[in-house]
Q: 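Have a look at this one before I ask anything.
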Amino acid sequence: MIVAAVNVKGGVGKTTTAVNLAAAFAGAGLATLLVDLDPQASASHSLGVAPGAEPTVADVVVRDRPLGSAVQPTGVLGLSLLAGSLELAGADLVLARRKDPVDRLAKALGGSRDYDVTVIDCPPGFSLLTLMGLQAAQGMIVPINPQDLAVDALGRFFSGLEQLGELITDPPVLLGILITMVDRRTKVTDELIERVRGEYGRKVFTTEIPLNIRLAVAPSQGSTIFDYQGWAAGGVAYRKLGGEVLRRARRRELL
Ligand code: ADP
Ligand code: MG
C-alpha cells in the first residue's frame, strides 16, 4: 500500500505524521519506505540525513535512476528512506517539459515489491510534486491542527482536489482526516474538533495526536518519537494511529 500525508496547508503535522507513522509501521514488522517529496526535506532531516546529502528522490523522478539505487536505510529497523531534495523546489519547471510528469513517482514506486507500505510526505500546496504524490498513492491521510485557519483550509483542500482530480487517474481514497497537535486544555480546541467531527463524521480518525513537545524535539535528535521517547504521549498516539490506518486500509482492500 502507498499512502500520502497531504494538505494544502503547511504546519499541520504532515511531516511529523509521515515520519512517525512510517516508523510505527516498521515497528509493527512491515517493510516500510518513507518518500520525502518536500523540497524542505524535513522528514529526511528528522531521520538524521544531512542537508544536501545524496542520493535523493530527484535521482528517481528527475534523472530516471532505479528506485533501488536511491533508497537508503535509516537507523530504524525495517524503515528505508527516499530522501528529499531542495533540487525538487524547481522540479515543476524542469519536469513540466517532460512527458507525463505527474506519473513519475508512481512509475518509480509501482514496480517495487520490496515494501509492504510506502508513506509519502507531500509538500504543502497543490504543486506538481503533490500531484505526483497523489498519483502514486492509493490512500491519503489529511492532517489538520485544530485552528480556525486549518479547519477552513480543509474545505478548500477537498474542493481543490476535486478540481485537480482530472489531472490524476485513480485518485487515492481518503483513509482519514487526522487531528494533530490537540491541546484539550483549551476550549477553542474542543469547539474546533467538534466542528470537524460534526462536518466530516467517520472520515475523521478516532485517534487524535496530542500536542506533545517530544514530537517536536525528536527530529532535532535525528530520531523518530519511538527511538526518542516511545512512551511519550505522542509515541503512544502514533502507534495507535498505525493500527487504525492499517484497519481502515484493510477494510478498503488496500492491504
Ligand atoms: P507540516 O509538515 O504539515 O508542515 P510538521 O509536521 O512539520 O507540519 O509540524 C509543524 C511543526 O509542529 C513542527 O515544528 C513539528 O515539530 C511540530 N509538531 C507537529 N506535530 C506536533 C505535535 N503533535 N505536538 C507538538 N508539536 C508538533
Ligand atoms: Mg512538512
Side-chain angles (χ1 to χ4, degrees), residues 3-24 34-49 51 56-57 81-86 88-89 91 119-127 129-130 132-134 137 140-154 156-157 160-161 176-186 189 192-193 196 204-242 244-245:
V3 44
V6 60
N7 193 328
V8 276
K9 214 169 163 326
V12 291
K14 290 183 296 300
T15 299
T16 306
T17 297
V19 169
N20 292 301
L21 189 60
L34 176 65
V35 177
D36 185 355
L37 262 192
D38 191 335
Q40 303 303 319
S42 27
S44 309
H45 301 160
S46 293
L47 290 167
V49 174
T56 73
V57 63
L81 172 72
L82 185 55
S85 166
L86 195 55
L88 282 192
V119 180
I120 304 174
D121 183 27
C122 290
F126 277 126
S127 61
L129 292 173
T130 301
M132 256 200 271
L134 291 173
M140 61 180 173
I141 294 171
V142 183
I144 62 158
N145 54 356
Q147 291 173 0
D148 280 324
L149 291 174
V151 173
D152 293 340
L154 195 56
R156 282 206 306 284
F157 170 74
L161 200 59
I177 295 163
L178 175 67
I179 307 176
T180 67
M181 303 183 216
V182 171
D183 182 0
R184 284 286 186 180
R185 289 169 306 184
T186 64
T189 300
L192 284 164
I193 291 177
V196 174
V204 187
F205 284 111
T206 311
T207 309
E208 291 175 4
I209 308 299
L211 185 73
N212 181 207
I213 186 73
R214 309 276 176 231
L215 285 168
V217 175
S220 63
Q221 309 294 310
S223 282
T224 70
I225 190 64
F226 306 110
D227 287 333
Y228 180 61
Q229 277 193 15
W231 293 106
V236 172
Y238 273 112
R239 200 174 291 120
K240 182 162 167 243
L241 177 70
E244 191 176 4
V245 169

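Counting convention: from 1, in listed order, for ligands and their atoms alike. Given the structure is predicted, the values throughout are model-derived calculations rather than measurements.
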Q: Taking N20 for its side chain and Y238 for its backbone only, find out whether a donor-acceptor pair lies under 3.5 Å.
A: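 Such a contact is absent between N20 side chain and Y238 backbone.
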Q: Before giving the answer on side-chain contact (heavy atoms from CB on, under 4.5 Å), spell out for L47 and D36 the whole-Å C-alpha distance, their side-chain angles and the decisive distance to 0.1 Å.
A: CA-CA 11 Å; L47 290 167; D36 185 355; over 6 Å; no
Q: Checking the side chain of Q221 only, and the main-chain atoms of Y228 only, is there a donor and an acceptor separated by less than 3.5 Å?
A: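 Checked: no pair found.
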Q: Under 2.8 Å from the Mg ion (ligand 2), how many protein N/O/S atoms can be counted?
A: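 Number of qualifying protein atoms: 1.
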Q: Where the side chain of Q229 meets the backbone of R214, is there a donor-acceptor pair that is under 3.5 Å apart?
A: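 Side chain of Q229 to backbone of R214, a donor-acceptor pair under 3.5 Å: no, none is there.
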Q: Quick check for students: name every N or O atom pair between ligand 1 and the protein closer than 3.5 Å, with distances.
A:
residue: ligand 1; atom: 2 (O); partner: T15; partner atom: N; Å: 2.9
residue: ligand 1; atom: 2 (O); partner: T15; partner atom: OG1; Å: 2.9
residue: ligand 1; atom: 3 (O); partner: G11; partner atom: N; Å: 3.3
residue: ligand 1; atom: 3 (O); partner: V12; partner atom: N; Å: 3.1
residue: ligand 1; atom: 3 (O); partner: G13; partner atom: N; Å: 3.1
residue: ligand 1; atom: 3 (O); partner: K14; partner atom: N; Å: 2.9
residue: ligand 1; atom: 3 (O); partner: K14; partner atom: NZ; Å: 2.8
residue: ligand 1; atom: 4 (O); partner: G11; partner atom: N; Å: 2.7
residue: ligand 1; atom: 6 (O); partner: T15; partner atom: N; Å: 3.4
residue: ligand 1; atom: 6 (O); partner: T16; partner atom: N; Å: 2.8
residue: ligand 1; atom: 6 (O); partner: T16; partner atom: OG1; Å: 2.6
residue: ligand 1; atom: 8 (O); partner: G13; partner atom: N; Å: 3.0
residue: ligand 1; atom: 23 (N); partner: P210; partner atom: O; Å: 2.8
residue: ligand 1; atom: 24 (N); partner: N212; partner atom: N; Å: 2.8
residue: ligand 1; atom: 24 (N); partner: N212; partner atom: O; Å: 3.3

Q: Keeping the roles fixed (side chain from S46, backbone from G222), state whether a donor-acceptor pair exists under 3.5 Å.
A: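 No; judged by distance alone, with no hydrogens or angles, the pair does not exist.
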Q: Under the side-chain contact (heavy atoms from CB on, under 4.5 Å) test, which residues partner L211, sequence neighbours left out?
A: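 With sequence neighbours excluded, L211 shows a side-chain contact (heavy atoms from CB on, under 4.5 Å) to M181, D183, given in chain and number order.
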Q: Looking at residues at least two apart in the chain, or sitting in another chain, which of them share a side-chain hydrogen bond (donor to acceptor under 3.5 Å, both in side chains) with D121?
A: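 Only T15 meet the side-chain hydrogen bond (donor to acceptor under 3.5 Å, both in side chains) criterion with D121.
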Q: Please answer whether the main-chain N or O of P123 pairs with a side-chain N or O of T130 as donor and acceptor at a distance below 3.5 Å.
A: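 Such a contact is found between T130 side chain and P123 backbone.
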Q: Okay, side chain of K14, backbone of K9: is any donor-acceptor separation there less than 3.5 Å?
A: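 Present.
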